[in-house]
Amino acid sequence: MLIRPTGQRPPLRLPAAVAAVAALLATASCGASGGRPPADAGTLSLAVQNTPNSFDPAQLLSGTQSYVWSALYDTLLTVDNKGELKPNAAESWAYSDDRETLTLTLREGMTFSGGAPVTAAAVKATLERTLSTPGPNSFTVASIDSVDAPDARTVVLHLKAPDGALLRSLAAAAGVIGDPETLDAERTALDPVGSGPYVLDGSTVNGSEYVLKKRDDYWNAKAYPFETVRMRVMKDRTAIVNALRSGSLNAASVEPTHVDQFKAGGFEVTYIDAVVVGMLSLSDRGGKVLEPLSDVRVRRAINMAFDREKIVEQLLRGAGEPTRQVFSPKGEAYDPALERAYTYDPAAAKKLLAEAGYPDGFAVRMPSLFFTKPFEPTVAQALGEIGIEVAWDPTPPQNSASSISSQKYGMLLQIEGLNAAPIEVKNSLDPKGPRNVFGTRDPGLTEMLDQANAVGDPTRAAALYKRINAFLVENAWYAPIFYSGRNWVTADGVEFLGDGSNLFNSIRAFGVSD
C-alpha cells in the first residue's frame with residue numbers, strides 16, 4: 001500500500017546559517033577535501049574530518065578515517081569505483097551450495113610491510129581477533145562460526161547461517177589483513193605493520209597529519225599512482241577551501257556556494273548526487289519509550305509532515321533530492337515507484353494521528369547532535385504543524401553514538417552515509433544490528449531477510465531487497481526526507497574517478513589526470 005495524499009505548502013522557515021548545512025553534511029557524510037596540486041605532482045593531498053581512532057584491525061571505523069587505514073591494510077575483497085565487488089588480496093572466492101561455507105583463495109607473493117608473507121594463517125588470526133574483540137566490526141563478522149586455514153593460500157569461513165552482507169564486509173574493515181606477529185603490539189594502534197600499498201612516514205604527526213609513502217614491493221602498485229599521500233585532519237570547512245585555493249591540498253568536496261568560483265578557476269568539478277540520507281529513524285516501533293510509534297498510522301503521519309521538495313530546494317540549495325526510502329538510489333534495493341508514497345499533507349497527517357488516538361498530538365524528545373543541528377528547526381517546525389512538539393537534548397559530540405544506541409530516544413534525526421543494500425539491511429534490520437536500536441522484529445520481514453541472505457543469484461537478491469524496501473516504506477519504519485550530494489573539486493593532475501556507486505572512502509577513488 002502506498003500513501004498518496006496531497007496538500008498545500010506553507011512557507012518554510014529556514015535556519016539563519018544555511019551555509020552551515022553543507023559544512024555539517026560533509027562531515028556527517030564522511031567527505032574528504034583537498035587543494036591545488038603541490039609542487040610534487042606525485043602527491044595526493046586530502047583532508048579528513050576525523051582523527052583515526054586506532055589502526056588496530058579490530059577497532060577500525062568507517063568515515064573519512066578509512067582513507068588512511070585502507071591505504072595501510074589490504075582487504076580480502078574490494079569494491080571498484082562503479083560499485084562492483086572484485087577480487088583483491090583474495091583472487092577468488094566460492095560458496096557452498098547451502099551458502100554456509102565460504103572459501104577464499106589468496107594471491108601468491110603478497111607481503112606485509114615488515115617483510116613477512118601474507119598467508120591464510122594471518123587472515124585467520126585477524127578475523128578471529130575481530131570476532132573475539134569488542135569493537136565496531138565484531139557484529140559485521142558475527143555470522144562466522146569458525147575460520148580454517150588448511151594451507152598458506154586457502155581460507156575457509158564456516159558460517160552459523162547465510163549472510164548476504166559478508167562479502168561486502170570483507171571489502172571493508174572486517175576484511176583487513178593484519179600481521180599476526182604484531183596484532184597485539186602497542187605500536188599497532190598508531191603505526192601498524194600493514195598489508196596494504198602504503199606505510200606511514202616518519203613525518204606523520206598523529207592526530208594532525210598522516211603522511212603515507214608507497215611500498216615498492218606491493219603486489220598491486222599500479223592501482224595506486226601516487227607516490228605520497230598526505231592527509232591532514234581538518235574539521236573547518238572554510239580552512240579546507242582556503243587550502244584548496246592556496247595549493248596545499250589538491251582535491252576537495254566543497255559546498256554548492258563554492259562550485260562556480262572553482263569552475264571559473266579551472267578546477268574540475270564532479271557532482272555525486274547521493275552520498276547521505278537525512279531521515280527520522282522511527283526506532284521504537286514497539287512503543288517501549290514512545291508509545292505512539294507502536295501505531296503504524298502515527299509513523300505514516302510523520303512521513304506526511306515533510307515538504308521534501310522545498311527542503312531540498314531551500315535548505316540544501318538544490319544539492320540533493322527528496323526521498324521516501326533509505327537505500328541508495330544507485331543500489332539494488334531502490335525502487336523509483338516508492339517515491340510516490342507520502343506526499344506532503346499536514347491535514348491528512350493530523351487525521352491519521354486522530355484516528356490513532358492522538359488528536360492533540362504528543363511530545364517527543366530527540367538528541368541534538370552536532371551533524372543534525374542545521375536541520376533541527378525545519379524538522380521541529382514540520383512536526384509541530386501536525387501537533388508533535390519536539391524538544392532537543394544537547395548532546396556532546398563524544399556522546400553521539402551512545403545517545404543513539406541508548407534506547408532513551410524512540411525517534412532520532414539522523415544523517416547517515418549510504419552503503420550497499422546488503423550492508424544497510426544487516427545494520428538496520430537485523431534484530432542485533434547497530435541501527436536497529438530496539439531490536440524490532442517482524443515475521444514477514446524476517447522471512448524476506450532470510451531469503452535474501454540465502455540466495456546466490458544477484459537478480460533474485462535484488463528483487464528481495466526491493467520487497468524489503470517496500471515493506472519499510474509501507475510500514476513507515478523510517479521517515480526519509482532527502483538525499484544529499486557532494487561536489488568534488490580536483491586540480492590539474494588529479495582526477496576523481498567515482499560516480500557515487502561506491503561510497504567507501506578509499507584513495508582508489510583518485511587517479512592522475514592527463
Heavy atoms, side chains only, cut-off 4.5 Å: are [X] and [Y] in contact?
X      : Y      : result
Tyr409 : Val289 : no
Thr75  : Leu77  : no
Val425 : Leu449 : yes
Trp392 : Lys373 : no
Ile415 : Leu369 : no
Ser169 : Val141 : no
Pro397 : Phe371 : no
Leu316 : Phe375 : yes

Is Arg99 close enough and on-axis enough to Tyr95, meaning under 6.0 Å and within 45°, for cation-pi? yes
Given 3.5 Å as the limit, does a donor-acceptor pair link the side chain of [X] with the main chain of [Y], or not?
X      : Y      : answer
Gln65  : Asn50  : no
Glu389 : Ala380 : no
Arg508 : Val79  : no
Ser96  : Thr101 : yes
Asn475 : Phe471 : yes
Asp74  : Ala89  : no
Thr133 : Arg129 : yes
Asn505 : Gly63  : yes
Asp56  : Leu183 : no
Arg297 : Glu355 : yes

Under 3.5 Å, which donor-acceptor pairs do the side chains of residues 431-441 form with other protein atoms, sequence neighbours left out?
from, atom 1, to, atom 2, distance (Å)
Arg435, NH1, Glu424, OE1, 3.1
Arg435, NH2, Glu416, OE1, 3.0
Asn436, OD1, Gly439, N, 3.3
Asn436, OD1, Thr440, N, 2.9
Asn436, ND2, Leu429, O, 3.3
Asn436, ND2, Asp430, O, 3.2
Asn436, ND2, Thr440, O, 3.1
Thr440, OG1, Arg285, NH1, 3.3

Measure across [X] and [Y] and return the closest heavy-atom pair with its distance rounded to 0.1 Å.
X      : Y      : result
Met234 : Ala47  : SD-CB, 3.9 Å
Val155 : Val147 : CG1-CG1, 4.0 Å
Asn469 : Tyr334 : ND2-CA, 3.9 Å
Tyr344 : Ala305 : CE1-O, 3.4 Å
Ile507 : Ala71  : CD1-CB, 4.0 Å
Gly498 : Ile272 : O-CD1, 3.8 Å

Can you confirm whether [X] is buried at [atom1], in the sense that more than 12 heavy atoms of other residues, nucleotides or ligands lie under 6.0 Å from that atom?
X      : atom1 : value
Glu321 : CD    : yes
Asp97  : CG    : no
Lys124 : NZ    : yes

Check this for me, if you would: do [X] and [Y] make a salt bridge, where the nitrogen-to-carboxylate-oxygen distance has to be below 4.0 angstrom?
X      : Y      : result
Asp335 : Lys466 : no
Asp80  : Lys82  : no
Arg324 : Glu309 : yes

Please walk me through it: do Asn81 and Asp499 pass side-chain contact (heavy atoms from CB on, under 4.5 Å)? CA-CA 7 Å; Asn81 288 316; Asp499 65 358; over 6 Å; no
[atom2] on [Y] to [atom1] on [X], rounded to 0.5 Å:
X      : Y      : atom1 : atom2 : result
Phe55  : Trp69  : CZ    : CH2   : 11.0 Å
Ser66  : Phe504 : OG    : CZ    : 4.5 Å
Glu339 : Thr323 : CD    : OG1   : 4.0 Å
Arg168 : Asn502 : CZ    : CG    : 7.5 Å
Thr130 : Gln59  : OG1   : CD    : 8.5 Å
Glu313 : Asp307 : CD    : CG    : 9.0 Å

Residues His158, Val156; criterion side-chain contact (heavy atoms from CB on, under 4.5 Å); working and verdict: CA-CA 6 Å; His158 302 282; Val156 182; 3.6 Å; yes
Going by side-chain contact (heavy atoms from CB on, under 4.5 Å), Tyr483 matches just one of Val312, Asp273, Val276, Val277. Which one? Val277
Set of residues satisfying salt bridge (charged side-chain N to carboxylate O under 4.0 Å, His left out) with respect to Lys350, sequence neighbours excluded: none
Would the Phe496 and Phe510 ring centres measure less than 6.0 Å apart? yes
